[in-house]
Amino acid sequence: MQIEGSLEEIIFRNDDNGYTVAVLSYNGTPVTVVGKLVAANVGENLSLEGEFVQNKKFGYQFAFSNYEIILPKTLVGIEKFLSSGLIKGVGKVTAKNIVEKFKEDTFTVIEMARERLCEVKGVSAKKALEISAKFTELKSIQNSVMFLQNYNISVNMAMKIFEIYGAKTVEIVKRNPYKLVEDVEGIGFATADKIAQNLGISSSREFRIRAGIVHTLQTSTEKNGNTFLPKGMLISSSAELLELDEQNCEDKFLQALDELVADKSIMDFWHGKTEVIMLTKYYRYEYSIAQKLCLLCNGVEDKKLDVSREIANFEMRNKIIFHEEQKKAIEQAVNSGVSIITGGPGTGKTTIVKCIIEILGQNKEEVLLLAPTGRAAKRLSDSTGAEAKTIHRALEVTGDNPNGGRFLHNENNTLKVNAVIVDEVSMVDVMLLSSLLKALPRDARLVLVGDKDQLPSVGAGNVLGDLLKSQVFPVTMLTKIYRQSDESLIISNAHMINSGVMPIIDNKSKDFFFEQKSDLNEIHQTIINMVTTRIPSFLNISSQQIQVLAPLKAGVCGIDNLNRTLQQILNPPSQRKAEIVVGSTIFREGDKVMQTSNDYDLVWERKTKFTVEQGEGVFNGDIGKIEMIDFQTGETVVMFEDGRRCVYARTDVGELSLAYAITIHKSQGSEFDVVVIPIIAGTSLILTRNLIYTAVTRAKKMVVLVGEKKNLRRMVSNSYTVKRFTLLADLVKEQQKSISELFK
């Protein structure tokens, strides 16, 4: 049967699949309706096709399978629609005046003869234009979202697509659905391909091949950290993705590459004896890094400061004695345009940084301390006693930059500093480093501090590894361990692992334990017990201070399954806690969550003792807690560990994930009181030495490993590291050579 009425209230909507529970005014009676409802707003008229059913839990409902948004036909309905708030600037009075003037022709006038709206009292020419434009936009949004829903594109994603293409969304997608791959972040090739198949587009069309190439490059960058691919590898991978015969379609692939080069989407050049393909923006990132670093390196005055007296004074006051390699690191940092300090835990990096800050301060230099994440910045601040910021915060994220870009500070508005020290540089990707370097003054000093044996950045590039490989900048390799108490094993075991030696796991120390379990379900249950009862009882701490770090997302001991179990125990359902469903994840008030992507537009505020600071930008890896969920609107309030408070719209909640357990990769740059790590069998491509080394070095007070010793031994002995295709090392060498010749 078919019913028609006005949409009065949306009780619940899942923005991933569109499933909605709403109230419809049907013949003047409120009726609960359930089904997939997208792009419909309160105040609009709907025609629903379905049947009335008796739900055991919720009572009498109308379950619909199809629907259509229709404009109201009665004068009362038209007036109600206009005054519903959908059209900004039209309140009850203006709506009443418009309907009294144009009667049943109101919508025709708004859409086709908007200038006539000026005949209505209180409606100016500007307002008439705004009313007409908003009305047209609403229709376009509805048509676009409903069209995209036919291809299982979520409401969230459909709205993002509409923001890019506007009223031409349907036209563009029908003509070339693969354009979505190039233009819309989050739309993969598979989605575009499915749309194309439904539209009857040939699998060998040139724009499909273009999209396949771009998607292959993007995937290689986002998942594997490559900034380029060898041409042969790119074509082979693209052909496999497209399920096309590489040899028979070689001409089409070459033509597609030529077109992408002509569009400046990619670059095609020879790197040594290999022809390589690179997304243009990543070439620009790496080139700008190389250029600015070499300029900084050659920009320091020839005179060198003798800092031996300052170092001696620092040693005396702090009751320490620096090793020669540490003194060398300090001297190079103070006297070089660019210097690198690398070493594992306990090798004195923080003490060196404190001394550098003090000496530069005595020489009246303004020093800025930076780290990639909020946790890393806080740790740096706590350990040095000086203020440290995230790189994003220092650059000041802005959506209103007249010069373009994500940040307020850039080459046209540099930071007012003399020296910058960046900690945890191993996790900085090429995009972020490029942005930072653009914002540095030409005569600034840059000190890069990190651990070369940590996992590389989650984002593209291999910054620290490439800069060391270039051999252009002064480098200090710290090897001697200074910070390690007699009863502690965390640091010494970390160095043993890094050397390929099995760590001491006899459970006689106070901070490093191994729990032998073979069955995956036993490992899972042991981890749950450790987090919820055993460790909190042993250390007299909260479960919130314990972080599970797992190698994988999927599986019995993957973070998805661990998060579900830990959430059920640590933050179970309650009538006093609102929750929201996004995809397959339930988010509940009180949940520990993590931001999973960079969102430069999300607004936050941070309350201090005297002021309220406001800004934009929440970033991949930021951890916080859900304070509140508005069940009606889906708005979710998250308080992050650094004090930033963000309000997520329902459409943005999908950027979060539960964080009782996180991947080891996501833990980079962070430090936790206690880490619990499942030791499981798996592919040697993932379960590597530097993975377990990174996990162990995240702990401050305790490490607990749960699993089989043979699997730990395999990881420790597995020195495999994934080779990333990056250009930075060679670009640095080229730039340094050019600048050296220039300064001769």
Side-chain angles (χ1 to χ4, degrees), residues 217 220-221 224-234 257 260-261 264-302 332 335-342 410-411 414 420 422 425-426 428-448 450 452 456-457 459-477 721-744:
L217 281 172
S220 172
T221 297
N224 302 320
N226 298 315
T227 58
F228 73 82
L229 281 179
K231 186 174 183 178
M233 181 184 294
L234 173 62
L257 286 170
L260 288 167
V261 170
K264 298 183 179 179
S265 299
I266 66 170
M267 297 186 67
D268 180 352
F269 55 93
W270 288 89
H271 177 49
K273 296 181 179 180
T274 305
E275 189 174 4
V276 303
I277 309 294
M278 197 171 190
L279 289 169
T280 302
K281 65 179 180 179
Y282 285 99
Y283 178 83
R284 289 172 179 163
Y285 291 150
E286 293 199 300
Y287 182 85
S288 69
I289 290 170
Q291 184 181 54
K292 187 60 176 280
L293 283 177
C294 291
L295 286 172
L296 291 173
C297 189
N298 292 276
V300 176
E301 297 179 12
D302 288 338
Q332 287 183 340
N335 287 304
S336 305
V338 177
S339 62
I340 301 172
I341 302 170
T342 181
N410 51 35
E411 58 267 49
T414 58
V420 173
V422 183
V425 73
S426 63
V428 178
D429 61 31
V430 291
M431 187 284 289
L432 190 57
L433 183 59
S434 172
S435 298
L436 173 61
L437 292 175
K438 286 177 182 177
L440 293 191
R442 173 70 176 78
D443 57 352
R445 301 179 194 279
L446 179 65
V447 183
L448 302 174
K452 67 181 179 61
S457 59
N462 186 23
V463 168
L464 181 56
D466 282 350
L467 297 184
L468 294 173
K469 182 181 175 183
S470 73
Q471 297 183 334
V472 167
F473 311 106
V475 175
T476 303
M477 298 273 191
T721 55
V722 179
K723 174 178 168 53
R724 290 188 171 188
F725 292 112
T726 59
L727 203 62
L728 183 58
D730 291 311
L731 287 173
V732 167
K733 292 176 186 177
E734 291 173 10
Q735 284 294 310
Q736 182 64 12
K737 183 179 179 182
S738 299
I739 291 175
S740 297
E741 291 175 354
L742 187 65
F743 279 86
K744 281 182 180 179

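Quick caveat: nothing in here was measured; it's all calculated off a predicted structure. Side chains are part of it too, since the values below use all heavy atoms of this structure and drop only hydrogens, waters and symmetry mates.
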Has the side chain of [X] got a donor or acceptor atom that lies under 3.5 Å from a matching backbone atom of [Y]?
X    : Y    : value
D429 : M431 : yes
R445 : L296 : no
K292 : L440 : yes
T221 : N226 : yes
T342 : G450 : yes
R724 : G461 : yes

Look up atom [atom1] in [X] and atom [atom2] in [Y], then write down how far apart they are to the nearest 0.5 Å.
X    : Y    : atom1 : atom2 : value
I341 : Q332 : CD1   : CD    : 8.5 Å
L437 : E411 : CG    : CD    : 11.0 Å
I277 : S265 : CD1   : OG    : 12.0 Å
L448 : L446 : CG    : CG    : 4.0 Å
M278 : L727 : CE    : CG    : 5.0 Å
N224 : K723 : CG    : NZ    : 13.0 Å

Q: Sorted by first residue and then second, give each salt bridge (Lys or Arg N to Asp or Glu O under 4.0 Å) pair with at least one member in residues 273-288; sequence neighbours left out.
A: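 Every salt bridge (Lys or Arg N to Asp or Glu O under 4.0 Å) pair that includes a residue of residues 273-288, provided the two are not neighbours, is K231-E275.
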Q. Should the ring pair F725 and F228 be called parallel, tilted or perpendicular, given that the plane angle runs from 0 to 90° and is split at 30 and 60?
A.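 Tilted.
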Q) After noting the C-alpha distance and the side-chain angles of S339 and F473, does the key distance pass the side chain to side chain contact (heavy atoms under 4.5 Å, CB included) rule? A) CA-CA 6 Å; S339 62; F473 311 106; over 6 Å; no
**Q.** Whether over 12 other heavy atoms sit under 6.0 Å from K469 NZ
**A.**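 Not more than 12 within 6.0 Å, no.
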Q: Go through the steps for M477 and K452 under the test side chain to side chain contact (heavy atoms under 4.5 Å, CB included), then give the verdict.
A: CA-CA 9 Å; M477 298 273 191; K452 67 181 179 61; 3.7 Å; yes
Q) Closest heavy-atom contact between N462 and P456? A)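 Where N462 meets P456 most closely, the heavy atoms are OD1-CB, 4.0 Å.
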Q: List the atom of S288, the atom of S434, and the distance in Å for their closest heavy-atom pair.
A: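 Looking at all heavy atoms of both residues, the shortest contact is OG-OG, 2.7 Å.
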(Q) So, applying side chain to side chain contact (heavy atoms under 4.5 Å, CB included) with L293, which one of V338, N298, L728, V472 is it? (A)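 Answer to the side chain to side chain contact (heavy atoms under 4.5 Å, CB included) test with L293 among V338, N298, L728, V472: V338.
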Q: For M267, enumerate each residue passing the side-chain contact (heavy atoms from CB on, under 4.5 Å) test, keeping only those at least two apart in sequence or located in another chain.
A: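 Only F269, T280, Y283 meet the side-chain contact (heavy atoms from CB on, under 4.5 Å) criterion with M267.
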Q: Compute whether any side-chain donor of one residue and acceptor of the other, for T227 and T726, lie under 3.5 angstrom apart.
A: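 On atom types as modelled, these side chains do not qualify, holding no pair under 3.5 Å.
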Q: Only counting residues at least two apart or in another chain, list the ones meeting salt bridge (charged side-chain N to carboxylate O under 4.0 Å, His left out) with D730.
A: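 Testing D730 for salt bridge (charged side-chain N to carboxylate O under 4.0 Å, His left out), a comparison that skips the adjacent residues, returns none.
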